[in-house]
Protein chains: 2
Amino acid sequence: MNSSTSTKERILTAAEALFAQRGFDGASLRQLTSAAGVNLAAVNYHFGSKEKLVEQVFKRRLDALNQHRLAELAKVAGKPATRLEDVLAAYIRPALELSHEGNGSLFMRVLARAFAEHDDTLRQFLSENYGHVMKQFTAEFARLLPHLDRAELYWRIDLVTGALTHAMSGFGMIQRKDDVSEQQHREQTAAHLIRFAAAGLSHP
Amino acid sequence: MNSSTSTKERILTAAEALFAQRGFDGASLRQLTSAAGVNLAAVNYHFGSKEKLVEQVFKRRLDALNQHRLAELAKVAGKPATRLEDVLAAYIRPALELSHEGNGSLFMRVLARAFAEHDDTLRQFLSENYGHVMKQFTAEFARLLPHLDRAELYWRIDLVTGALTHAMSGFGMIQRKDDVSEQQHREQTAAHLIRFAAAGLSHP
DNA sequence: CGTATGCTCAAACGATCGTTTGATTCTGCC
DNA sequence: GGCAGAATCAAACGATCGTTTGAGCATACG
């Protein structure tokens with residue numbers, strides 16, 4: 001038995017940090033296992049290969065994030081009183097909360113990297129484990145923005161996604177004023193992103 | 001003498017394509033020189049190192065792009081009749097035109113990669129060769145959006161930059177309808193981005 | 001107790017990386 | 001033509017990569 005957490009979990013945590021810092025290729029298994037305090041061979045023993053490890057790093061966070069987002073979406077989807085901002089909040093707030101709990105912000109940088117890399121296998125993995133979420137949100141956006149045709153809507157969602165991914169990948173850097181609590185800071189940031197996204201989506 | 005173009009230029013062109021496709025680390029000098037049809041040692045002979053080559057790939061395109069952007073900005077900056085959309089056009093249109101001339105779209109993907117990577121030396125190089133352009137545009141944005149304080153303006157510009165970088169990195173993928181000329185398609189795309197950015201920047 | 005199973009470990013494997021070397025070829029100028 | 005400097009070439013360098021190996025250790029079960 002290991003010090004408080006399992007070897008697999010220690011590897012995943014160290015991998016997330018190192019991937020965010022140096023990229024998937026840039027982070028070597030020797031740096032990674034050294035940081036995690038495990039043997040070099042442990043990665044191939046527990047995950048099979050480095051590529052599988054990358055997928056598991058995504059899966060661990062994305063499963064929780066997607067579940068949270070869909071739960072929030074379900075609260076407002078289809079209801080007459082729902083505003084565009086409510087749907088955006090269901091998309092943005094879970095990501096913000098993730099990035100403020102232990103080392104979660106590193107995952108957003110990993111995600112931003114994955115978006116920039118046009119690697120086919122990674123993109124396919126992302127669309128398999130991420131696509132159904134985007135589909136549900138897109139359907140709700142379409143309902144709330146009936147004046148936009150399909151092509152126009154896709155365009156705007158893509159632009160909003162780019163802005164949010166870019167912004168969230170830098171959250172670790174954003175300075176929080178000392179007189180503002182973390183709770184308040186997160187609320188202000190969420191309000192910022194939601195208003196920006198709403199303006200970009202719904203402008204005439 | 002080489003076939004029509006110099007060795008340096010052939011390396012730069014091949015490097016741009018391979019960096020966009022496989023990333024800076026993922027593209028090896030052996031793949032690169034093989035694609036360029038030059039000897040492996042040519043990169044270190046002409047550029048000194050792989051890292052210097054990366055910088056030159058950026059410099060070749062960014063010098064032209066920045067010059068073009070600043071020239072367009074100079075036409076409208078400070079004038080009373082200038083609208084926000086005019087400034088955004090000065091920023092967006094040169095990038096769009098670059099991405100539609102020979103292999104220029106590949107550079108936009110390289111740029112998107114560089115944004116995602118938080119590599120310090122690369123970011124420093126970018127801010128040295130790119131920062132003064134952003135400063136001039138920011139000043140003009142500030143003039144046209146006097147109701148926003150400094151922090152708010154920076155926030156919105158950052159979000160817009162994220163959206164545009166994300167969008168432009170995918171331009172090679174965007175399907176153009178057969179009944180639309182490339183000139184028209186570029187105009188439509190520019191109008192899209194400009195309206196989106198204007199809405200995101202100027203919303204109340 | 002003995003043994004089977006899951007895990008960890010140091011060491012080595014072959015492959016590939018960026019870079020360097022020294023010889024060879026090409027180019028322009030007297 | 002001959003020579004100097006630039007450019008290209010095949011080959012090798014040491015380093016580092018992901019992965020595999022086989023022995024060693026721990027734990028749990030009969």
Side-chain angles (χ1 to χ4, degrees), chain A residues 1-60 110 113-114 117 119-122 124-125, chain B residues 1-60 110 113-114 117 119-122 124-125:
Chain A
M1 188 54 62
N2 274 314
S3 60
S4 75
T5 50
S6 73
T7 297
K8 279 185 85 165
E9 213 65 33
R10 300 242 301 283
I11 291 176
L12 284 171
T13 301
E16 189 172 80
L18 260 159
F19 288 156
Q21 192 178 355
R22 307 191 199 268
F24 305 113
D25 288 346
S28 74
L29 291 186
R30 284 170 178 81
Q31 296 174 325
L32 202 157
T33 51
S34 175
V38 303
N39 187 268
L40 168 61
V43 169
N44 282 276
Y45 177 79
H46 285 285
F47 296 94
S49 68
K50 184 181 183 180
E51 196 176 18
K52 299 275 186 62
L53 169 62
V54 173
E55 291 184 357
Q56 290 305 312
V57 168
F58 277 98
K59 197 154 178 48
R60 178 174 70 153
V110 175
R113 267 185 189 275
E117 312 216 0
D119 179 83
D120 282 339
T121 69
L122 192 56
Q124 183 179 347
F125 177 86
Chain B
M1 185 56 65
N2 274 317
S3 61
S4 75
T5 50
S6 73
T7 297
K8 279 184 83 163
E9 212 64 35
R10 300 242 302 284
I11 291 176
L12 283 172
T13 300
E16 188 172 79
L18 259 159
F19 287 157
Q21 193 178 353
R22 308 191 197 268
F24 303 114
D25 287 346
S28 75
L29 291 185
R30 285 169 178 80
Q31 296 173 327
L32 203 157
T33 51
S34 175
V38 303
N39 188 269
L40 168 61
V43 168
N44 283 277
Y45 177 79
H46 285 286
F47 296 94
S49 68
K50 185 183 182 180
E51 195 175 19
K52 298 275 186 64
L53 170 61
V54 172
E55 291 184 357
Q56 289 306 310
V57 167
F58 278 98
K59 197 157 178 47
R60 179 174 68 153
V110 175
R113 269 184 187 278
E117 315 215 357
D119 179 83
D120 282 339
T121 69
L122 192 55
Q124 183 178 347
F125 177 85

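Naming: A, B, ... by sequence-line order, numbering from 1 per chain.
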- Note on the structure: Here the pair of heavy atoms bringing A:V43 nearest to A:L29 is CG1-CD2, 3.9 Å
- Qualifying residues under salt bridge (charged side-chain N to carboxylate O under 4.0 Å, His left out), relative to B:K52, sequence neighbours excluded: none
- Item | Neighbour count above 12 (heavy atom, 6.0 Å) for B:E51 CD | no
- Nearest-Å distance, OH (B:Y45) to P (C:dG22)? 16 Å
- At under 4.0 Å between heavy atoms, which parts of nucleotides 14-19 of chain D does protein reach? Answer with one letter per nucleotide, 5' to 3': B base, S sugar-phosphate only, - none. ---BBB
- Message: I want to check one thing: is the phosphate of D:dA6, taken as OP1 and OP2, less than 4.0 Å away from some side-chain N or O of B:H46?
- Response: no
- Got A:F24 and A:R113 here, is their nearest side-chain heavy-atom distance under 4.5 Å? yes
- Task: Let me know the distance between CG of A:N39 and C1' of C:dA12, rounded to the nearest Å.
- Result: 13 Å
- Round to a whole Å and report the spacing from CZ of B:F47 to P of D:dA6. 17 Å
- Quick one: are B:L53 and B:L32 in side-chain contact, heavy atoms under 4.5 Å? yes
- Query: Less than 4.5 Å apart, any side-chain heavy atom of B:H46 and any of B:V38?
  - Reply: no
